[in-house]
Amino acid sequence: MTPAALAELVHSIATAVLAERGLAPAVLPETVTIERPRNPEHGDYATNLALQVGKKVGMAPRELATALAERLADADGVEAAEVAGPGFLNLRLAADAQAEVVRQVLTAGDTYGTGHALDGVSINLEFVSANPTGPIHLGGTRWAAVGDALGRILAAQGAKVTREYYFNDAGAQIDRFVSSLVAAAKGEPAPEDGYAGGYVSDIAAEVLRAEPDALSLPEAERDDVFRRAGVQLMFDEIKRSLHDFGTDFDVFFHEDSLHLSGAVESALEHLKLSDSVYYAEGAWWIRSTDFGDDKDRVVIKSDGAPAYIAADIAYLKDKRERGFDLCLFMLGADHHGYIGRLKAAAASLGDNPDVAEVLIGQMVNLVSEGKPVRMSKRAGTVITMEDLVEAVGVDAARYELTRYSVDSPVDIDLDLLRKHTNENPVFYVQYAHARLASLQRNAAELGLVTPGPDEIDLGLLDHPREGDLIRTIGEFGKVIARAAELREPHRIARYLEELASAYHKFYDAARVLPQGDEQPDALTFARLALCEAARQVIANGLSLLGVSAPERM
RNA sequence: GCCCUCGUAGCUCAGUGGAUAGAGCACCGCCCUCCGGAGGCGGGUGUCGCAGGUUCGAAUCCUGCCGAGGGCGCCA
């Protein structure tokens, strides 16, 4: 019996108990909370239902709990039900009922744990979107890891997810990038507000290789060559880094295209007819203060040119016209001011502001010898996605960046990177998987085959460590659902660590394969099935994070 | 000044109303005739930033304060 099934059982029994006393079952929560008590004496599962509703219906919580316990104790699969403390209901399940999840995992395979909360919902997930004026830095790398994982998690709940990267290739920063390329090509130092990294001269050299005469062209044409070729090379490099990092986008959207197609202009014309904007002091303003912004923002400047936010509005409109129900934006903490603006943008299009949901994540900091290091191109302390991958590998990098809540800033320690450290919990999880894969190989050598879902005597899995492992496996679906609902991929990583721990403890206490002259028995096969289920769930979880599940390490 | 996020063990962090607040790292012991020791077991540390409030019950929700980071352009 899974926790979800148990919750339903408790719910139906509670409904009956209340009805018998002429009380309205409407006071019951839709889904009964079933939790795993820390203290093993409190049973396999516990519910606080009687505490929650007792008072509402005028019953003492303990009295209600007692009534529930009597019925539950008689239910199939429930071994014991007792009332504790102020009205907790502690439940102990029969081994075979509890181990039912093992059968479910083996049947569902790599779909085990998926849900339907977002069935049919079309989601646009925009993340990274770093300016194409340089390689992806640590900040962008964090979003690449977290955003990609979130996309997988949302998809596991049934959503149709489109990953999108927005290239801001229309503004002044591109002009500065181009003039930096030209300067580098001429062998001159970077302009005052330009870009000076080594990649600039690399790209400049490549442009020259393709267009050897570029520098002798008239200024406008020359800039045009560097813009076209240079920006393209930068795009390519960014895309390649992301791909090597295991993050692939469905759409790379160019801001430029919004201006060229007239989308910005038409969005603005449309906007002027709405109540969301007004004309003042020679400019057009959007009422972003309605959505928590500090002040209203200019959308059309007094010189008639669209402000940056105008493109954002046109972009959101474009997304909605492409049929997305929900547009998610993952932004760094330095962009939290965008929340109000994007909500206002949605409202100005006549949409519910909730269709634009902004996820704010804290920054990634560099630390060396315990002290913060400012990223500086000139000082050579800019760490790129490629640097990080080179230092620790894709799996460790992705895992490390995903296992923390995005609400907390991440410090990347330069010294640890240099040490190529193995002190990353990803290895703990991956090791568990490799160990399980090894077990399957050993079993195969002995001619033992993991039994099919219906040939397992699940009642034999009654060791406490087996119970812990089984219950942990049973949590997976809830963990994914919660991670999707709260947009918090780190929950998957934390869960995997818990699962790996439960497995290691089980494996230490319980022998699986026969030794010496022993013959395999029903317990051998039951444990083999449990191991395969554990392996499957670890693999499924790692896959949600875009981290590999190695057969060997 | 206003807005956002954070403040939990020596360090890095989990824990968005439940029972005695957890894990990893670090430190000290112990455990391989045996399926991978990248493992397991034991040892201890907490004014959950502070002060109020809400309630059967608060690290969690509300208010104020303190501290850290970030943001507040007709830049993009």
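Residue numbering restarts at 1 for every chain, and letters A, B, ... go by the order of the sequence lines. What you see below is based on every heavy atom in this structure, not just the backbone, and it leaves out hydrogens, waters and symmetry mates.
Among the heavy atoms of the strands lying under 4.0 Å from A:N90 is at least one base atom, whether or not backbone atoms are also near. Heavy atoms of A:A46 sit under 4.0 angstrom from at least one base atom. At a threshold of 4.0 angstrom between heavy atoms, the contacts of A:A305 with the nucleic acid are absent. When heavy atoms are screened at a 4.0 angstrom cut-off, A:A283 is found touching base atoms of the nucleic acid. Backbone-only engagement by A:Y404 is indicated by non-hydrogen atom pairs under 4.0 Å involving sugar-phosphate atoms exclusively. Counting any heavy atom pair closer than 4.0 Å across all strands shown, A:M363 reaches no nucleic acid atom. Residue-level contact check: A:A437 touches neither bases nor backbone, having no heavy atom under 4.0 Å from any strand.
With a glycosidic angle more than 90° from 0, B:C27 adopts the anti conformation.
The nucleotide whose nearest atom lies closest to any side-chain atom of A:E281 is, among B:C34, B:C74, B:G18, B:C74. Minimum atom distance to the side chain of A:Q362 is reached by B:G69, of the listed B:G69, B:A19, B:C35. The listed nucleotides are B:G39, B:A19, B:U16; the one nearest the side chain of A:L486 is B:U16. If you check B:C72, B:G36, B:G18 against the side chain of A:P86, the one that comes closest is B:G18. For A:H42, taking side-chain heavy atoms from C-beta onward, the closest of the listed nucleotides B:A19, B:C2, B:G36 is B:A19. The nucleotide whose nearest atom lies closest to any side-chain atom of A:K301 is, among B:G36, B:C3, B:C75, B:C75.
At a cut-off of 3.5 angstrom, the base of B:G71 holds no donor-acceptor pair with the side chain of A:H336. Not a single donor-acceptor contact under 3.5 angstrom links the side-chain atoms of A:N424 to the base of B:A38. Between the base of B:A76 and the side chain of A:Y338 there is a donor-acceptor pair shorter than 3.5 Å. Counting atom types as modelled, A:N39 pairs a side-chain N or O with a base atom of B:U20 as donor and acceptor under 3.5 Å.
Summarising the geometry of A:A81 relative to A:L72, their closest heavy-atom pair is CB-CB, 4.0 Å, with the distance given to 0.1 Å. Contact detail for A:P514 and A:L448: the closest heavy-atom pair is CD-CD1, 4.0 Å. Shown here for A:Q440 and A:L528, the closest heavy-atom pair between the two residues is NE2-O, 4.1 Å.
Spacing between atom CD of A:E82 and atom P of B:A19 amounts to 17 Å, rounded to whole angstrom units. The separation between A:R511 atom CZ and B:C32 atom C1' is 12 Å, rounded to whole Å. As rounded to whole Å, 13 Å separates atom C1' of B:C72 from atom NE2 of A:H335. In this structure, CG of A:N48 is placed 14 Å from C1' of B:A58, rounded to the nearest angstrom. Remark: C1' of B:C75 and CG of A:D175 are 12 Å apart, rounded to the nearest angstrom. When the P atom of B:G22 is taken as reference, atom CD of A:E35 falls 14 Å away, rounded to whole Å.
Applying the 4.0 Å criterion to OP1 and OP2 of B:G1, one finds that A:K295 has every side-chain N and O outside that range. Contact check, A:Y431 against B:G37: a side-chain N or O comes under 4.0 Å of OP1 or OP2. Using a 4.0 Å cut-off, no side-chain N or O of A:H490 falls inside it from OP1 or OP2 of B:C13. Close to B:G40, at under 4.0 Å from its OP1 or OP2, lies a side-chain N or O of A:Y428. OP1 or OP2 of B:A14 lies within a sub-4.0 Å distance of a side-chain N or O belonging to A:S408. At B:A76, none of the side-chain N or O atoms of A:N131 fall inside 4.0 Å of OP1 or OP2 (strictly under the cut-off). In terms of phosphate contacts, A:R491 brings a side-chain nitrogen or oxygen within less than 4.0 Å of OP1 or OP2 of B:G15.
Ring centroid separation for the pair A:F329 and A:Y338 does not come in under the 6.0 Å cut-off. If you look at A:H490 and A:Y404, their ring centroids are not closer than 6.0 Å. Taking the six-membered ring wherever Trp is involved, the centroid distance between the rings of A:F235 and A:H254 falls below 6.0 Å.
A:I492 has its side chain out of reach of A:L542: every pair of non-hydrogen atoms, C-beta onward, lies at least 4.5 Å apart.
When each of A:E551 and A:D296 is assigned the nucleotide of RNA chain B with its nearest heavy atom, A:E551 is the one assigned upstream, toward the 5' end.
Pair assignment for B:G73: none, as no Watson-Crick or G-U wobble contacts are both less than 3.5 Å. Pair assignment for B:G57: none, as no Watson-Crick or G-U wobble contacts are both less than 3.5 Å. When both distances must be under 3.5 Å, the Watson-Crick or G-U wobble mate of B:G52 is B:C62. Here B:C6 sits opposite B:G67 as a Watson-Crick or G-U wobble pair (both hydrogen-bonding atom distances under 3.5 Å). Pairing partner, B:G22: B:C13, with both Watson-Crick or wobble hydrogen-bond distances short of 3.5 Å. Nucleotide B:G29 is matched to B:C41 when pairs are restricted to Watson-Crick or G-U wobble geometry with both distances under 3.5 angstrom.
A cation-pi arrangement is present between A:K319 and A:Y315 under the rule of less than 6.0 angstrom and at most 45 degrees off the ring axis.
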